[in-house]
Amino acid sequence: MTAGPDPGGRVVIVGAGQGGLQAAMSLRQDGHTGPITLVGAEQGLPYQRPPLSKTYLKDGEAEKLNLRPESFFEKKEITLRSGCRVKAIDRQAQRVSIGEEEVPYDHLVLATGTRNLVPPISGVERAIGLRTLEDARALRMALEKPARIAVIGGGFIGLEFAAVARALGHEVALAEAAPRLMARVVSPEMSEHFRRKHEEIGTKLHLGNGVTDVTGDGIVLADGTMVPADLVLLAAGVRPNVELAQAAGLEIANGIVVNESLRTADPRIFAMGDCCAFPDPRSGAMIRLESVQAATDHARCIAKAITTAEPQRYAAVPWFWSDQADWRLQIAGLAGPDDLSIPVGDHTVLRFSAAGLTAVETINDAKTHMKARKLLLDKVAPSRDFLEERNYDLMAL
Ligand code: FAD
């Protein structure tokens with residue numbers, strides 16, 4: 001059995017975050033007329049998370065985070081079930097359970113996102129995470145009076161938070177087990193740029209020095225250093241929310257496994273955004289991305305698949321951004337850990353695999369970033385030789 005185009009079918013979307021909402025909106029934009037139920041475990045309207053570690057910590061304006069007003073859901077006839085958790089999927093009967101209630105579906109979209117990874121550090125429960133608006137509210141309150149802050153993790157969220165806390169005048173130390181910042185996502189050269197930036201704004205960095213304990217007085221590092229702190233932020237990565245899919249017998253491997261059309265092995269069930277592992281359209285490797293771009297582009301692709309007869313192959317170019325102090329880091333494409341890095345000028349790094357350009361990292365340079373996204377969209381990426389002959393000047397292409 002395959003689930004063909006079905007513009008009048010009943011769609012249930014589990015997870016009312018950035019991706020789940022986009023799926024509902026795209027379905028309506030694409031002419032889906034059937035019932036759409038958007039179920040979200042968090043209270044309130046769907047909201048955007050990126051500002052939680054950026055502007056929200058400064059301005060505290062929660063309404064600005066809402067992706068759509070309440071009236072939108074009524075107007076578009078999207079049933080929003082906030083504060084409701086889907087407990088189980090009955091694939092045979094094609095329905096999900098919310099408490100005692102059973103909601104039938106013709107198409108099910110899993111957009112369950114991620115939760116914070118809690119590493120086995122003694123006393124880690126004393127640390128605060130930053131994933132939800134509720135977390136951000138708690139952190140904002142803690143930032144109201146002068147504090148000594150320790151951050152566990154030198155990835156995007158830890159660094160964004162550290163930069164805001166410094167701008168607000170707090171004392172900030174950050175510990176990262178890896179020898180460099182954002183090691184999973186950027187080149188060594190870009191890590192170095194950001195190391196200097198964070199030190200320049202006064203953050204004390206402890207690199208290659210993991211945290212072993214969170215105590216009432218602060219954090220203890222692997223080398224025995226004690227970092228005093230009144231507030232500890234845990235930003236050590238995330239885990240995909242896969243348990244619901246797993247209990248329903250769907251394949252899990254660092255996320256809910258889907259094919260190039262973002263379908264699971266059950267043709268009636270798609271998975272998308274932070275919670276899914278999908279084949280990278282360029283390398284073919286199974287990847288899981290944590291980004292607004294992936295969540296929203298996945299959503300658009302799934303909406304098309306449900307509402308049209310065309311088989312949809314997901315092919316978007318990944319891109320990311322992170323605001324840290326007065327720098328906006330943008331990454332177009334996806335580099336492998338062993339990809340070659342070619343720094344160009346002070347604020348750009350090009351990444352290459354044997355097949356050609358894989359990613360472009362820029363600081364405060366939206367033009368080059370947009371150009372890189374266009375170049376990476378082509379089936380054949382520019383080779384290193386080709387770009388070398390042109391002094392790696394993307395804007396000249
Ligand atoms: P989410 O938006 O996380 O939504 C998943 C939702 O599903 C959650 O609300 C969850 O409660 C709900 N859910 C889970 N299980 C169930 C269930 N069984 N029943 C009902 N509901 C359920 N990305 C960027 O690209 N740029 C940034 O600058 C950036 N900054 C970020 C800053 C912070 C502080 C955070 C936390 C994230 C940031 N991200 C950023 C990541 C981005 O927010 C995510 O990639 C994006 O939200 C993923 O969308 P999603 O729909 O997959 O998951």
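Along the sequence shown, residues are numbered consecutively beginning with 1. Whatever order the structure lists ligands and atoms in, that order sets their numbers, starting from 1.
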For [Y], is there an ion pair with [X] - N to carboxylate O distance below 4.0 angstrom?
X	Y	value
Glu200	Arg196	no
Arg288	Asp274	no
Arg300	Asp297	yes
Asp217	Arg148	no

(request) Check each heavy atom of Lys87 against ligand 1 and say whether those closer than 4.0 Å belong to the side chain, the backbone, both or neither. (result) neither
(request) Could you see which bit of Ile157 sits under 4.0 Å from ligand 1, with heavy atoms only: side chain, backbone, both or neither? (result) side chain
Non-hydrogen atoms of [X] versus ligand 1: any pair closer than 4.0 Å?
X	answer
Gln48	no
Gly40	yes
Phe320	no
Cys84	yes
Cys275	no

(request) Answer yes if the side chains of Thr348 and Glu361 hold a donor-acceptor pair under 3.5 Å, and no otherwise. (result) no
Kindly confirm or rule out an N or O of [X] lying under 3.5 angstrom from an N or O of ligand 1.
X	result
Ala41	yes
Trp321	yes
Thr114	no
Val86	yes
Arg49	yes

Give the residue and atom name of whichever protein heavy atom lies nearest to [atom], and the separation in Å to one decimal.
atom	answer
atom 9 (O) of ligand 1	Glu42 OE2, 2.6 Å
atom 52 (O) of ligand 1	Asp274 N, 2.9 Å
atom 41 (C) of ligand 1	Glu290 O, 4.3 Å
atom 32 (C) of ligand 1	Ser53 OG, 3.3 Å
atom 25 (O) of ligand 1	Val292 N, 2.9 Å
atom 31 (C) of ligand 1	Pro50 CA, 3.5 Å

(message) I'd like to know whether CD of Glu243 has more than 12 heavy-atom contacts from other residues, nucleotides or ligands below 6.0 angstrom.
(response) yes
(message) Test of understanding: clusters of I, L, V, M, F, W, Y form through side-chain heavy atoms closer than 4.5 Å, transitively. Do Leu174 and Phe161 belong to the same one?
(response) yes
(message) Strictly distance-based, threshold 3.5 Å: is any side-chain N or O of Asn66 a donor or acceptor partner for the main-chain N or O of Pro69?
(response)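 A pair under 3.5 Å: no.
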(message) Under a 3.5 Å distance rule, please check whether Arg91 uses its side chain to pair with a backbone N or O of Asp266 as donor and acceptor.
(response) no
(message) Which option wins on minimum heavy-atom distance to atom 27 (C) of ligand 1: Gln22, Lys54, Gln18, Gln43?
(response) Lys54
(request) For this output row, return yes or no: ring centroids of His298 and Phe278 closer than 6.0 angstrom. (result)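 His298 vs Phe278: aromatic centres under 6.0 Å.
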